[in-house]
Student: 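Take a look at the following structure, please.
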Amino acid sequence: MADIKAGDKVRLKSGGPTMAVAAIGGSRGVCQWFEHGHLNDGRFELRELESVTESDSSTRSHDGSPGFEETSR
């Protein structure tokens, strides 16, 4: 597992939008992302996340795999 910390850009290993890690608590991270003009957040197991570099594309879409816990604001 990559050493993910608050402020990092990440994506679910199964795909999805690029997200910003807002906080880490134990083995979970709170991530935020914009989709259709709305700020979303969700909690994910760190093992489900991968770091995103500037050259990575954010075109992969989320496949609804278990562990995806989304809330909208």
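For reference, positions follow the sequence shown, starting with 1. This structure is a prediction, so every number in the text was calculated from the model and none was measured.
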Student: Do you know which two heavy atoms are closest between A6 and A22, and how far apart they sit?
Tutor: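 Heavy atoms only, the tightest pair is CB-O, 3.9 Å.
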Student: Can you measure from CD1 (I4) to CD (E50) and round to the nearest 0.5 angstrom?
Tutor: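 Spacing of CD1 (I4) from CD (E50) equals 8.5 Å.
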Student: Within a strict 4.5 Å, meaning less than it, do heavy atoms of the L46 and I24 side chains meet?
Tutor: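 L46 reaches I24 side chain to side chain.
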Student: Could you tell me the separation between the CG atom of L49 and the SG atom of C31, rounded to the nearest 0.5 Å?
Tutor: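 Taking CG in L49 and SG in C31, the distance rounds to 5.0 Å.
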Student: Rounded at 0.5 Å granularity, tell me how far CZ in R11 sits from OG1 in T18.
Tutor: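 Here the interatomic distance stands at 4.5 Å.
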Student: Any donor and acceptor pair, going by atom type alone, linking the side chain of K5 with main-chain N or O of V21 inside 3.5 Å?
Tutor: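 Not at all, since once roles are kept as given, no pair shorter than 3.5 Å links the two residues.
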Student: How far does CZ of R43 sit from CZ of R28, to the nearest 0.5 angstrom?
Tutor: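 Nearest 0.5 Å value for the CZ-CZ distance: 8.0 Å.
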Student: Decide yes or no for L12 and M19: does some side-chain heavy atom of the first lie under 4.5 Å from some side-chain heavy atom of the second?
Tutor: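 Counting from C-beta outward, L12 and M19 do come under 4.5 Å.
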Student: Pair L39, Q32 - check side-chain contact (heavy atoms from CB on, under 4.5 Å), show working.
Tutor: CA-CA 7 Å; L39 177 63; Q32 296 178 322; 4.1 Å; yes
